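All of these numbers come straight from a predicted model, not from anything done at the bench.
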Amino acid sequence: MAKKSKPREVIKLKDVFRYYHLGDETVKAIDGVDITINQGDFVAIVGPSGSGKSTAMNLVGALDLATKGSIYLDKVNIERMDESELAQVRGKKIGFVFQTFNLIPTMTALENVMLPMVFQRIPLQERRERANELLTKIGLGERLDHLPSELSGGERQRVAVARALANNPEVILADEPTGNLDSKRGKEIAEMFVKLSEEGKTVILVTHDPEIAKYADKIYRLKDGKIVNK
Amino acid sequence: MFKDFFDISFNNLRRRKLRSWLTMLGIFIGIAAVVSLISLGQGLQTAITGQFSSISTDKLVIQNAGSGLGPPGSTVVEKLTDHDFELINKIPGVKTASPILLRTVKIEFNNKLLFYMMRSIPDDPKKYENYYVTQNIKPQEGRLLKSGDSRKVLLGNNFVTNEDFGKLIRVGKKIKIENIEFEVIGILEPSSEFLLNNAFQIFYDEMKEVLEIGDEIDLIGLQVDSPTIAEETAEKIKKEMRKDRDLKEGKEDFSVQTPLQVIQSVNTILTAINIVVIGIAMISLIVGGIGIANTMYTSVLERKKEIGTMKAIGATNLDILSIFLLEAGLLGLVGGIVGASIGALIAYGISSGANIALGADLFVVDFSMSLILGSISFAFLIGIFSGAIPSYQASKLKPVDALRG
Ligand SMILES: Nc1ncnc2c1ncn2[C@@H]1O[C@H](COP(=O)(O)OP(=O)(O)OP(=O)(O)O)[C@@H](O)[C@H]1O
Ligand SMILES: [Mg+2]
């Protein structure tokens with residue numbers, strides 16, 4: 001794949017604020033953030049607890065709406081979208097990986113990976129083939145019919161990564177994906193993200209662990225809702 | 001698409017087996033009640049209308065108003081008399097008419113005194129033959145009454161086994177009716193008219209004599225020329241009798257019952273019973289619905305994080321709504337299917353029991369497919385309806401809030 005001369009902007013946050021009002025108090029979870037992330041970038045977001053990392057991820061992932069400011073995904077302002085359009089964005093353009101894996105406990109590994117495709121109305125045959133292929137690629141070809149409770153933490157998180165990739169999204173958002181794993185499994189996951197960014201996916205990873213942050217091309221440090229390492 | 005959501009919902013119910021079954025309990029009971037009681041009701045209706053259809057549709061019965069179906073004699077209203085009988089006999093369209101007596105009498109046997117129902121049999125051979133044929137009266141032991149018999153009595157089928165008198169009354173035995181000795185000449189086969197199974201029957205003239213009945217008739221049974229003129233003839237009789245008694249229309253102190261009327265009044269009673277039964281079943285279904293709503297609320301709370309996850313991977317509000325509604329609907333549907341099966345079994349059991357107790361295949365339960373399918377779909381709708389609000393709330397959860405659990 002030839003490198004593009006001009007990198008494409010996939011994510012752009014313009015003067016974004018997210019305030020929570022708790023009684024008289026206002027929590028400034030995100031307090032004026034401007035960043036642009038290009039296609040294929042692997043970005044790590046670090047910072048102390050409560051600095052607004054998760055809040056930022058939720059805004060980029062269209063799970064939450066900013067109090068002020070604009071967020072562009074592929075040049076489209078998601079702040080203007082209604083709930084069903086946001087669902088489309090989450091389903092097609094974004095793949096989420098959570099700290100607690102968030103697999104559906106009643107579904108097998110294969111069914112979990114197929115689920116995002118169910119919401120995109122992809123036919124069963126195609127879903128099954130693609131889910132099978134994704135799981136096999138990350139070394140879980142033998143675990144297709146296992147329930148999450150029958151998998152180790154590292155295996156669960158790999159299933160979650162496969163699920164995030166199901167609809168071939170442009171952006172992978174991972175909030176502390178290694179937080180519940182030992183350092184060996186954590187590194188395996190981080191290496192998967194490196195590979196994905198090399199394949200052209202844009203990856204944003206939130207982490208506490210400097211060892212994991214090292215895998216990223218770029219590190220943003222958040223403090224009190226602001227980026228502090230510009 | 002539907003299949004995918006169905007699988008998701010079904011999986012969720014399976015995961016919480018015990019709770020799912022407990023939730024469906026209310027629906028089981030309601031639907032089982034609906035199916036069994038309505039099936040039994042319909043069976044009963046068929047049995048009862050069958051009873052009356054054995055009275056062929058060309059027969060009318062005239063009796064005093066107010067005396068109802070029970071034994072007359074105690075009321076102070078105008079009695080039917082031989083004069084009425086003569087009058088009716090002359091009305092065009094009336095083929096034959098017989099006066100009938102129906103009384104409670106004192107029977108003595110084996111030194112024991114008991115009271116039983118007695119019905120008269122017409123003296124005229126043509127009329128009693130007709131009565132035997134149309135009422136399907138046949139001897140199981142001994143023979144039927146015939147002209148020339150004197151002080152002979154027929155017993156209903158129950159006396160084959162009835163030991164109320166301390167021992168069985170057999171054919172040939174003597175019993176005392178109002179202190180006058182009669183010989184048992186026959187015991188009848190079971191009749192579809194329950195009353196006759198436990199009754200004594202003797203000739204009209206003898207009954208009049210033994211009971212010292214004057215110019216008084218309890219019922220007048222008559223046959224019209226053809227079933228098509230039954231209603232019309234009934235009207236004619238009413239008119240003639242009104243004129244004879246100098247009564248205004250609607251103020252009759254007598255009634256002319258046509259078979260149609262009898263069936264209608266029975267149907268009215270059965271409908272009333274059905275309404276009560278359905279009312280009870282409805283209450284149980286409402287309780288069942290509340291159970292489903294409760295379970296769905298709990299389920300939404302417990303699965304908040306799952307809902308958030310599904311939204312994060314692309315589920316729309318409508319997708320979430322569909323999944324939860326289907327789950328609630330399935331609770332109703334499965335509850336309905338199990339309930340309908342249980343109800344059918346109960347109805348079958350009761351009807352078989354009743355048939356054994358009555359010793360006849362009278363009670364055929366009518367499992368109408370529309371009743372079973374109807375109640376199952378109704379159960380499904382109850383599920384959907386009860387699950388509507390919790391499912392709507394699930395669908396409206398904000399993804400971030402839901403993900404926090
Ligand atoms: N729903 C909410 N209501 C009120 N305040 C909130 C809410 N969500 C987050 N906050 C506050 O916003 C701030 C940023 O929270 P956020 O979860 O983004 O932090 P974080 O950097 O992800 O922390 P951690 O590393 O502990 O996960 C915190 O002070 C938090 O208390
Ligand atoms: Mg966080």
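- Considering OG1 of B/T316 and CZ of A/R90, their distance stands at 9.5 Å, rounded to 0.5 Å.
- Within residues 99-138 of chain A, the residues approaching chain B closer than 4.5 Å by heavy atoms are, in numerical order, A/T100, A/N102, A/I104, A/P105, A/T106, A/M107, A/E111, A/L115, A/P116, A/V118, A/F119, A/Q120, A/R121, A/R127.
- In this structure, B/F5 places its CZ atom where more than 12 heavy-atom neighbours from other residues, nucleotides or ligands lie under 6.0 Å away.
- Shown here is B/Y392, whose OH atom has no more than 12 heavy atoms of other residues, nucleotides or ligands within 6.0 Å.
- More than 12 heavy-atom neighbours from other residues, nucleotides or ligands sit within 6.0 angstrom of CZ on A/F17.
- Looking at B/I320, there are no atoms closer than 4.5 Å to chain A (heavy atoms on both sides), in backbone or side chain.
- When all heavy atoms of B/A315 and A/A87 are compared, the pair lying nearest together is O-CB, 3.7 Å.
- The most heavy-atom pairs under 4.5 Å with chain A, out of B/R15, B/K311, B/K3, come from B/R15.
- For the atom pair CG of A/D64 and CG of B/D401, the computed distance is 8.0 Å after rounding to the nearest 0.5 Å.
- Residues A/F96 and B/T309 are not in side-chain contact: their nearest non-hydrogen atoms beyond the backbone lie 4.5 Å or more apart.
- Within the 4.5 angstrom heavy-atom criterion, no atom of B/L318 approaches chain A.
- Within the 4.5 angstrom heavy-atom criterion, atoms from both the backbone and the side chain of B/N11 approach chain A.
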